[in-house]
Structure formats: structure tokens, C-alpha cells
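Written out below as C-alpha cells is the structure these notes cover.
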Amino acid sequence: MKLTSVKQVAIIAGICSAAIGFGIMLLVRLYSSIVESLWFIIATPLLFFMFSFLLVLWAIDRFVYEKIKVIYRILQGRGSETASDRPLLDDVQKQAENWTENRQREIKTLKKLADFRRDFVGNLAHELRTPIFSIQGYLDTLLEGGLEDSKINYDYLSRADKNLQRLTILVNELNEISNMEAGREKMNIIKVNIVELVSDVFSLLELRANRNDIKLTFSKKYDKPIWVNVDRDKILQVLTNLIMNSIHYGAKKGECKFRFSDMPKHILVEVQDDGIGIDEEHLPRLFERFYVKHIIESHGQTINVRSAIGEGTTFSFTLPKA
């Protein structure tokens, strides 16, 4: 029998006490002539029951509940006493178990966050180091005499400028991620035709895609607009980032293909390339330095990736329908 209240405890204690009292009275009557009345034998256990019942109630209230109430308020996150601070014993156990599970879950989450931040700082240092060292190398070469050499001066300045642009993008992305996490980044949600937006990005990156012999296409012809409620500028960044990734890692004479699927409340967007692919062991860590994840999550959506070495990569994410 599972005891869930102080009354149950008191009743059990009273019954046990009454049984003991009844047994004692029977023994006394059998071996002694002191007790003759049967009513006295019956009344005595009842007195034992009432006394034990009331004693247990008082003792638990005085010595147990005063301690339990404090623990119960802590578990419920309340600082002051309320009328509900006389919980069932079973409730206290459940609350304690839930509290323990939540604390363990929070500890695991904090450890994961600590690992993520450590890896993020390491990744960020690596990402920043590459353009900084490149710029430094180009400028050192120019200062040591290359500036007067017409064969390399413009080329090196152009390369330094590209690395500076990359550095600027990284710093801006880091700042925007920080603003998003702190809730300072304002979202300008409007109705957007996602097909038209992707076409605009195709036009912007067409020359770069042609230089890498990558074809930017749709999986089929979308004659009608597909409307979504998004921050246009931020989704533009997502699309640009994903297409640039396909151009950079895509196979020669390959393609970057967009597909849209209609869902009950969302539009599923898939970006597929036939490039070098990503090793399966690296997929879980892929988004640690991937800015688009933060943008998609700021829209209340998710982004996923599936990939295989030599077969290409597909990014998929949802956007809310307009």
C-alpha cells in the first residue's frame, strides 16, 4: 500500500496500536481475572486507536510538515507560504524527482553550452586568423618592394581587399548572432514571394556561378508565387550563403537546385548540390559556425542537412506560410 497523505499514515498507526491493545486485553483476560467486561476489552483498543491517530497527526504536523513545507516551496520555486503548502507525501516525492531530473537536464545543457562556446571560440579564431594572416602577407610583400612591381601590386591589393571583405562579413555576422541571442535584433516580417527572392539571388551570383561552371536552377518551373512571412533581408542572407556554399564546394559542371514543397502551415525549402559532400561525422557540428542557422531559428523554424561524400549536400529548412 502506497501512503500518500498524513491521515493514511495516522490511520495505519492507529490500527496497529488498536491491534496491539486488543491483543494485550485478550491475554490479560485469558490469564487473569482482572478484566471481566467484554466491552472494556473492545473499548480499550478504540482508545489506543484514537490516541495513536491523534499523536501521529500532531507529531507529523509538528516535526515533519514544518520541514517538508520549506522543501516543497523550494521545489515549486515559491518564496512565501501559501494555502497549498500542505502537500501529499506522494506529491513531495514526485516534486523532488521532477526537480532532480530538471536539475540534471540543466547541468547537461550547461555542459553542452560550455562545450559549444569553447568550440565556437576556437572556430571563430580559426575563421578570423585566415583572412588576417593573408592580408598581413600581401601587405608585407607590397611594403617590401612589391608595390613598385606592376605585375603583382594590383593583384595583391585585390586579394587583400577580398580577405578584408571576408573579415568584415565575419565580424558583422558575429555581431548579428550576438544581437539575436540577446534579443536586440529586430525582425521586419513581411509577405515575400520566395520564388522571386531566390531568382534575385540567382541573378546576383550568376557571374560567380558561371566562373565555377555551376548552374543555378529550380527543380521545376514555378509559375505561381509562393508566399511566406519572413524578414526579407535576413532570408536573402540565408539564400546567398547557401548558394555561395554550393558554388564553392560544388562539382565542375554541377548544379545548385532549389525545390519548394507545400506543407500545411509551412513551405519546405531544399537547396541541393552535387558537390564533394560532407563526411557524416562532421554533420552534427556543421552549424556551429553557420550563420544561417541563427536566422532560421529567429523565424521560429529549423534547418537540417543531409550529405554523403562524393554525392553532394542538401540543406532543408521551413518558412511560415503567408
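The analysis underlying the following values was restricted to heavy atoms, covering all of them including side chains, and did not include hydrogens, waters or symmetry mates.
Within the model, atoms CG of Leu157 and CZ of Arg159 stand 11.5 Å from one another, a figure rounded to the nearest 0.5 Å. For the atom pair OG of Ser246 and CG of Asn212, the computed distance is 11.0 Å after rounding to the nearest 0.5 Å. How far CE of Met244 is from CD of Gln237: 13.5 Å, rounded to the nearest 0.5 Å. Remark: Ser199 OG to Glu206 CD distance equals 11.0 Å, nearest 0.5 Å. To the nearest 0.5 angstrom, Tyr156 atom OH is 16.0 Å from Asp161 atom CG. Rounded to the nearest 0.5 Å, atoms CZ (Arg306) and OG1 (Thr313) are 10.5 Å apart.
A donor-acceptor pair under 3.5 Å is formed between the side chain of Ser298 and the backbone N or O of Ile295. A side-chain donor-acceptor contact under 3.5 Å links Asp231 to the backbone of Asn188. Side-chain atoms of Tyr222 do not come within 3.5 Å of backbone N or O of Glu196 as any donor-acceptor pair. The backbone N or O of Gly275 sits less than 3.5 Å from a side-chain atom of Asp273, completing a donor-acceptor pair. Not one N or O on the side chain of Asp213 forms a donor-acceptor pair closer than 3.5 Å with the backbone of Ala209. For Ser307 (side chain) and Gly312 (main-chain N/O), a donor-acceptor pair under 3.5 Å exists by modelled atom type. Within the 3.5 Å criterion, the main-chain N or O of Asn241 finds no donor-acceptor partner in the side chain of Asn245. Of the possible donor and acceptor atoms, one in the side chain of Thr240 sits under 3.5 Å from a partner among the backbone N and O of Leu236.
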Verdict with supporting geometry, Val305 and Thr314, side-chain contact (heavy atoms from CB on, under 4.5 Å): CA-CA 6 Å; Val305 60; Thr314 300; over 6 Å; no

So Glu270 and Ser316, side chain to side chain donor-acceptor pair (under 3.5 Å) or not? Walk me through it. CA-CA 4 Å; Glu270 295 178 281; Ser316 59; 5.3 Å; no

Could you go step by step and tell me if Leu197 and Ile194 meet the side-chain contact (heavy atoms from CB on, under 4.5 Å) rule? CA-CA 5 Å; Leu197 189 60; Ile194 190 64; 4.3 Å; yes

Worked check of side-chain contact (heavy atoms from CB on, under 4.5 Å) between Ile276 and Ile309: CA-CA 6 Å; Ile276 60 176; Ile309 296 296; over 6 Å; no

Assess the residue pair Val269 and Phe260 against the criterion (side-chain contact (heavy atoms from CB on, under 4.5 Å)); give the C-alpha distance rounded to whole Å, side-chain angles, the decisive distance to 0.1 Å, and a yes or no. CA-CA 5 Å; Val269 183; Phe260 305 106; 3.9 Å; yes

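Counting only heavy atoms from C-beta outward, the side chains of Asn304 and Phe317 never approach each other to under 4.5 Å. Contact annotation: the side chain of Cys256 approaches that of Val271 to within less than 4.5 Å [non-hydrogen atoms, C-beta and beyond]. Considering only heavy atoms from C-beta on, Ile235 comes within 4.5 Å of Ile296 through its side chain. Here the side chains of Lys321 and Asp262 are in contact, with some heavy-atom distance below 4.5 Å. You'll find the side chain of Asp200 reaches within 4.5 Å of the side chain of Arg232, heavy atoms only. Side-chain contact between Val230 and Ile190: absent, with no pair of heavy atoms (C-beta onward) separated by less than 4.5 Å. Proximity of Phe133 to Asn163: side-chain heavy atoms (C-beta onward) are nowhere separated by under 4.5 Å. Residues Glu297 and Ile303 form no side-chain contact, since every pair of their non-hydrogen atoms from C-beta on lies 4.5 Å or further apart.
Around atom CZ of Phe51, no more than 12 heavy atoms belonging to other residues, nucleotides or ligands sit under 6.0 Å away. When the shell of 6.0 Å around NZ of Lys215 is examined, it contains 12 or fewer heavy atoms from other residues, nucleotides or ligands.
Contact check on Asp274 versus Lys257 returns no salt bridge, with no Lys/Arg side-chain nitrogen under 4.0 Å from an Asp/Glu carboxylate oxygen.
Hydrophobic cluster membership differs between Val201 and Trp227, with clusters built from Ile, Leu, Val, Met, Phe, Trp and Tyr side chains linked at under 4.5 angstrom. Hydrophobic clustering of Ile, Leu, Val, Met, Phe, Trp and Tyr side chains at less than 4.5 Å, counting indirect connections, keeps Leu268 apart from Phe315.
Lys191 approaches Asn229 most closely through the heavy-atom pair CA-OD1, 3.8 Å.
Under the 30°/60° scheme for interplanar angles, the aromatic rings of Phe202 and Phe218 are found to be tilted.
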